[in-house]
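What follows is one structure encoded as structure tokens, with my remarks underneath.
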Amino acid sequence: MAIKQVAILGSTGSIGVNTLDVIRAHPERFKVVALTASKQVDRLAQQCIEFKPAIAVLADADGAARLEKLLREQKINTQVLYGPQALVTAVTDSGCDTVMAAIVGAAGLVPTLAAAKAGKRVLLANKEALVMSGNLFMQAMKQGGGELLPIDSEHNAIFQCLPNQYTKAPSPGLGVEELWLTASGGPFRNTPLDQLGGITPEQACAHPNWVMGRKISVDSATMMNKGLEVIEAFWLFGMSLEKIKVLIHPQSVVHSMVRYRDGSVIAQLGQPDMRTPIAYGLAWPERIDAGVAPLSLTQLAALSFNEPDLARFPCLSLAFAAAKVGGTAPTVLNAANEIAVAAFLDEGMPYLQIPKVVEKTLSAIPVADAGSIESILEIDAQARTVARDFIKTFNS
């Protein structure tokens, strides 16, 4: 069995750390050839010392210089690079055949596209590649001829619940009627609406079921995360938006479901642990030990499902609306949300201003055709500027 050569874009985040945990348990199957991070130099250094990749990438020259010094002291010969173009180099020049795309936000778009064009197996944990540039990305995958496996727990669950031939060529004859994405509802699903105005970043980041980074934890609280996943599912599975449903499932045991024409509903169940979809993506079509405890159904008191309250989760409505409009609207949605969430986490902007910033930014920027990566990045930059201006207005 050939050892898979793995590049991890975003190795110091929660997905990257969990990916390395799975790889660590299977040294006979996987070799790490590239690791990238933004600013966590010490953690990346520890990873490089353990896994000895050919290439390591950081965001800036200062971080790269620090990493280089730390590695040379340990006699590790990893090539250290920095900057956005170096992320592409990590994909194209490391000898990898598998790329874990786990950089949060728009920063991961360009190297993920490069992995698609290069025909790699792309393990997609970066929502933005499909939210911002769904058509371009799917064309790049087709052009490159590689394999695309979703790593988000919901999309990975749907992938597992669909017939193998459907993921290659969606066909009405296979009887798929609806995709049901489950959502925990986050920490505020039962919080009285009049108390949401005083939510703090610490409360928003305290997810009841999953251990995640701060930005994605806030997105889970607002359910923007689920809205982005709807757009992602639209591109991944070729299903119309009207047939993609969202259900609140507080226990996070059923990760998503597929409803078939004959009345069957097939669900994927498991512990709320990202190592399960990561191991599935790394080893597919085989299954390997992910280090996850078995699910004991007898210890579950109940499983419940409810439709989301859109008054509580306006970000979900905004995402559906942007998806229906299409073009560059999802790009604007994503960019405005990134800026708004950062302002909430870092600048003390009120929690309830997040959807307001997104809505105003969507209204302010005309929808255009998402025809090229250059035009997408231009709209992304414009949306960020507009969102920042709105935030200044709110603050004043």
Side-chain angles (χ1 to χ4, degrees), residues 5-25 27 30-96 98-115 118 120 123 125-126 128-129 151 201-202 205 211-218 274 278 338-339 341-343 345-347 377 380-381 384:
Q5 311 292 306
V6 184
I8 304 175
L9 305 177
S11 67
T12 58
S14 61
I15 295 292
V17 169
N18 278 314
T19 302
L20 289 172
D21 192 49
V22 174
I23 289 173
R24 185 181 291 114
F30 309 110
K31 175 174 173 51
V32 175
V33 294
L35 296 172
T36 85
S38 178
K39 300 181 185 302
Q40 295 196 54
V41 178
D42 291 333
R43 177 174 277 189
L44 184 59
Q46 291 167 3
Q47 293 175 346
C48 289
I49 290 166
E50 178 179 359
F51 291 96
K52 300 176 180 60
I55 294 174
V57 178
L58 280 159
D60 56 48
D62 290 344
R66 267 193 63 211
L67 178 63
E68 182 112 37
K69 183 173 182 294
L70 290 169
L71 296 185
R72 295 304 167 260
E73 287 172 355
Q74 297 294 322
K75 296 183 169 51
I76 302 296
N77 295 321
T78 296
Q79 181 184 11
V80 178
L81 305 172
Y82 67 90
Q85 185 55 41
L87 293 172
V88 175
T89 302
V91 168
T92 57
D93 293 10
S94 63
C96 68
T98 302
V99 177
M100 172 60 77
I103 296 176
V104 175
L109 174 59
V110 172
T112 306
L113 267 173
K120 310 295 183 182
L123 309 183
N126 171 312
E128 290 73 21
I151 299 301
E202 289 67 31
C205 291
V211 177
M212 304 184 292
R214 282 164 62 81
K215 192 267 181 184
I216 197 170
S217 294
V218 175
M274 285 306 298
I278 288 167
E338 284 190 22
I339 295 301
V341 170
L345 288 173
D346 304 330
E347 301 166 24
L377 293 175
D380 175 79
R384 289 168 191 275

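Numbers for residues simply follow the sequence, beginning at 1.
- Residues Thr98 and Gln5 fail the side-chain proximity criterion, which asks for heavy atoms closer than 4.5 Å.
- Side chain of Lys215 to backbone of Val341: no donor-acceptor contact under 3.5 angstrom is found.
- In this structure Gln40 satisfies the side-chain contact (heavy atoms from CB on, under 4.5 Å) test together with Thr12, Arg43, sequence neighbours excluded.
- At least one side-chain heavy atom of Val41 sits less than 4.5 Å from a side-chain heavy atom of Arg66.
- The minimum heavy-atom distance between Ala107 and Leu87, with the atom names listed, is O-CD1, 4.2 Å.
- Leu58 has its side chain out of reach of Ser38: every pair of non-hydrogen atoms, C-beta onward, lies at least 4.5 Å apart.
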**Request:** Could you give me the CA-CA distance, side-chain angles and deciding distance for Asp42 and Leu70, then say whether side-chain contact (heavy atoms from CB on, under 4.5 Å) is met?
**Result:** CA-CA 8 Å; Asp42 291 333; Leu70 290 169; 3.7 Å; yes
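- Minimum interatomic distance between Leu345 and Pro201 (heavy atoms only, all atoms of both residues): CD2-CB, 3.8 Å.
- For Asp380 and Arg384, the salt-bridge test passes: some basic side-chain N is under 4.0 Å from an acidic carboxylate O.
- Annotation: side chain of Arg24 is not in contact with side chain of Phe30 (no heavy-atom distance under 4.5 Å).
- Screening residues 98-110 for salt bridge (charged side-chain N to carboxylate O under 4.0 Å, His left out) gives no qualifying pairs among residues at least two apart or on separate chains.
- Between Cys205 and Val218 the shortest side-chain heavy-atom distance falls below 4.5 Å.
- Side-chain atoms of Ile8 and Gln47, non-hydrogen and from C-beta on, never get closer than 4.5 Å to each other.
- Side-chain atoms of Lys52 come within 3.5 Å of backbone atoms of Ile49 as a donor-acceptor pair (strictly under, hydrogens ignored).
- Val110 places a side-chain heavy atom less than 4.5 Å from the side chain of Val88.
- Shown here for Ala45 and Leu71, the closest heavy-atom pair between the two residues is O-CD2, 3.9 Å.
- Listed by first then second residue, pairs satisfying side chain to side chain donor-acceptor pair (under 3.5 Å) with a partner in residues 78-94 number zero, not counting sequence neighbours.
- Shortest non-hydrogen contact noted between Leu81 and Ala64 is O-CB, 4.2 Å.
- Two residues are said to be in side-chain contact when any heavy atoms from C-beta on lie closer than 4.5 Å; Pro53 and Val33 fail this criterion.
- Between Ala90 and Thr36, the closest heavy-atom pair is CB-CG2, 4.0 Å.
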